[in-house]
> 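If you scroll down you'll find the structure; I have some questions about it.
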Amino acid sequence: MSNLTYRYTGPLPLGSVVAHYCGAAGLTTTKGAPVWRLEGLGAEEGYTLTVYHNDVPVAVFKGALSNEGRLEIGGQLLKLIRTTQGRPALGEWGTLVGVRPTKMFHKLWDIDENSDTPPAAEPSNPDEPGTVINGCDTAVQVLRKRFDVSEPKIELLKAVATLQRPFVAPHETADREVSVYGGIPFCQTHCTYCSFPYGLIQDYRRIPEFLGAFVNDATQLKGLIETYGLQVATVYMGGGTPTSLGDEDFATALAALAKLHRENSEFTVEAGRPDSVTPHKLATMAKLGVNRISINPQSMHDDILKAVGRGHTAAAIKELYAYVRSYTNFAVNMDFIAGLPYQTLSHMEENLDYVCQARPENVTIHTLALKRGSPLYDGVGREAMPEAAAVEEMVARSKERLEAAGYVPYYVYRQQYMTSQTENIGYTLPGYICEYNIRIMEERQSILSVGPGSSSKWMRAPEYRQLQQHMPKDVSVYIDTLSALLEKRSRLCKKFWEG
Ligand code: SF4
């Protein structure tokens with residue numbers, strides 16, 4: 001029996017909060033006998049959560065019948081689990097859980113800006129009684145006092161939110177600004193840490209039909225964009241690995257998305273794996289207006305790449321990067337992961353040596369998340385995963401070295417089941433932020449999507465996320481039900497923009 005399992009029974013609203021806090025403590029649900037059994041009750045006088053550890057009752061937490069009450073119970077539960085695990089009651093993130101900490105930061109910032117209190121003209125000291133504070137300071141105070149977030153994490157969130165603010169602050173034309181996402185649901189191999197729900201491209205027999213459906217999907221979306229007078233701010237082609245398509249198929253799919261792209265605006269392609277990228281595909285991208293690509297080494301060590309099923313080498317990354325620099329003007333992002341099996345701090349230092357010398361415009365440092373449904377979760381290489389403390393050191397060292405090399409953090413998010421109490425950070429050289437990444441993280445702009453497994457979200461201030469539609473992940477279901485899916489998208493657009 002894993003000692004990281006739990007089962008919850010009780011009211012759903014409390015259950016979803018409990019799930020977030022258990023995830024933050026590294027617990028996953030199980031159908032077998034759980035180590036942590038959590039029994040929730042909701043009554044007029046409030047919520048009660050009874051906690052059993054190895055079938056022994058160890059605590060009863062109570063909270064009001066409200067979101068506040070649920071968060072209160074969640075925070076207490078997190079502290080209990082962590083101390084039982086032999087860790088300090090609170091990590092650097094305090095009792096703040098959830099994937100998008102900066103989204104909350106912006107929300108607090110908005111509330112203060114929309115209140116009658118004028119923002120301070122000068123930087124203020126929020127701890128001094130009677131001081132007029134601005135929205136950013138309000139957010140800082142809440143994180144510090146209500147969620148016990150550590151000062152370094154508060155500084156990180158404040159810096160990122162301040163940099164993002166021009167892109168997310170409510171403004172008059174925001175309602176008709178959209179981003180477009182196109183998802184290509186194939187890869188050539190299955191990375192062991194990925195819960196990738198699709199098939200391998202070499203196993204899928206209906207590629208021509210998939211392409212036909214993808215083009216129809218994009219064409220219908222173009223019509224909707226014209227009908228409602230929408231402004232496309234950014235286009236992003238992701239996956240899977242879009243470049244796993246053959247040269248001509250890739251050109252067909254990209255051309256369909258390029259018709260939605262506004263000249264000189266941001267247009268990104270995930271060219272994640274060097275073994276999938278050809279000079280032909282790069283030339284196609286340049287011709288169709290792409291100006292940013294993502295090349296994702298994850299590690300610059302062949303033994304680690306092999307152990308996680310990546311199927312490419314570090315030399316292939318270097319070769320592709322040199323080619324892109326010589327023959328294109330693309331801005332380049334590189335993703336790395338801290339916490340891969342067999343990885344040590346010196347491996348991460350060597351990754352950073354390479355990055356600091358190559359100087360891609362963007363670098364993203366992820367912390368490995370143990371995702372249910374991934375081969376790693378099921379045991380492939382799990383015994384070789386580094387300890388949480390080692391991962392935290394890798395993440396901290398990455399921040400230190402990237403900042404010393406001139407990079408600044410511009411988006412940050414957390415995942416459930418991360419292997420340490422850290423976060424994923426996107427860094428940029430000044431002037432090269434990826435606007436799409438900010439928009440997808442902060443969820444303040446509508447994103448209209450094309451392709452299987454993609455999600456469209458229609459957002460409007462002040463609540464944001466009013467409507468959403470998720471395309472089926474199964475590629476064949478997507479192909480076979482496309483007309484109904486497109487009709488639904490038309491209806492949702494009409495509802496959102498015509499009321
Ligand atoms: S390339 Fe990306 S999407 Fe594909 S299996 Fe690996 S991590 Fe998952």
Side-chain angles (χ1 to χ4, degrees), residues 181-204 207 210 214 236-246 249-250 253 268-278 281 293-314 316-317 320-321 332-343 351 362-382 385 413 415-419 424 426 434 436-437 440 449-455 470-475 478:
Y181 175 82
I184 304 294
F186 302 108
C187 288
Q188 305 123 295
T189 62
H190 189 166
C191 306
T192 58
Y193 51 81
C194 182
S195 55
F196 177 63
Y198 312 111
L200 300 181
I201 191 151
Q202 55 275 25
D203 297 338
Y204 195 65
I207 293 290
F210 160 72
F214 188 89
Y236 193 103
M237 186 190 227
T241 307
T243 43
S244 64
L245 290 169
D249 293 343
F250 174 76
T268 301
V269 171
E270 284 268 357
R273 315 240 302 221
D275 46 342
S276 68
V277 183
T278 61
K281 286 175 204 169
I293 66 169
S294 200
I295 302 170
N296 299 330
Q298 312 301 7
S299 163
M300 294 303 285
H301 301 89
D302 290 350
D303 46 352
I304 294 177
L305 290 170
K306 193 165 174 210
V308 299
R310 289 284 294 176
H312 63 81
T313 60
I317 291 282
L320 173 60
Y321 184 72
V332 176
N333 171 69
M334 287 191 168
D335 280 3
F336 288 87
I337 300 176
L340 291 171
Y342 305 102
Q343 196 178 34
N351 293 339
N362 301 156
V363 181
T364 313
I365 306 289
H366 297 265
T367 295
L368 186 75
L370 203 48
K371 292 181 186 157
R372 190 185 278 274
S374 66
L376 186 64
Y377 182 91
D378 294 333
V380 180
R382 197 163 162 171
M385 284 169 60
Y413 69 103
Q415 283 170 279
Q416 287 210 311
Y417 316 123
M418 285 175 112
T419 49
N424 299 329
C434 170
Y436 177 82
N437 282 337
I440 189 89
S449 296
V450 172
S454 66
S455 298
H470 304 288
M471 293 295 199
K473 289 179 177 161
D474 184 308
V475 184
Y478 166 78

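First listed ligand is number 1; within each ligand, the first listed atom is number 1. By convention here, the first residue in the shown sequence is residue 1.
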> With rounding to the nearest 0.5 Å, note down the distance linking CG in Asn424 to OG1 in Thr367.
5.5 Å
> Indicate, as side chain, backbone, both or neither, the part of Asn296 found under 4.0 angstrom from ligand 1 when only non-hydrogen atoms are considered.
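It is neither; nothing of Asn296 touches ligand 1.
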> Give a yes or no on whether Cys194 keeps an N, O or S atom under 2.8 Å from atom 8 (Fe) of ligand 1.
yes
> Taking only heavy atoms of Thr189 into account, list the atoms of ligand 1 that are under 4.0 Å away from them.
5 (S)
> Is it true that Phe186 and Tyr204 have ring centroids separated by less than 6.0 Å?
yes
> Roughly how far, to the nearest 0.5 Å, is CD1 of Ile317 from CE of Met334?
6.0 Å
> Please find out if atom 4 (Fe) of ligand 1 and some N, O or S atom of Cys187 are separated by less than 2.8 Å.
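So Cys187 does bind atom 4 (Fe) of ligand 1 by this criterion.
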> Below 30° counts as parallel, above 60° as perpendicular, anything between as tilted: where do the rings of Tyr181 and Tyr436 land?
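Tyr181 and Tyr436: parallel rings.
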> Would you say Val308 and Gln298 make side-chain contact, with heavy atoms under 4.5 Å?
no
> Under 4.0 Å from atom 5 (S) of ligand 1, is there at least one protein heavy atom?
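Under 4.0 Å from atom 5 (S) of ligand 1, at least one protein heavy atom found.
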> Compute whether any side-chain donor of one residue and acceptor of the other, for Asp335 and Thr364, lie under 3.5 angstrom apart.
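There is such a pair between these side chains.
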> Which ligand 1 atoms does Arg310 reach within 4.0 Å, using its non-hydrogen atoms?
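Counting from 1, the qualifying ligand atoms are 1 (S), 6 (Fe).
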> Pick whichever of Gln298, Arg273, His312 has a heavy atom sitting closest to atom 1 (S) of ligand 1.
Arg273
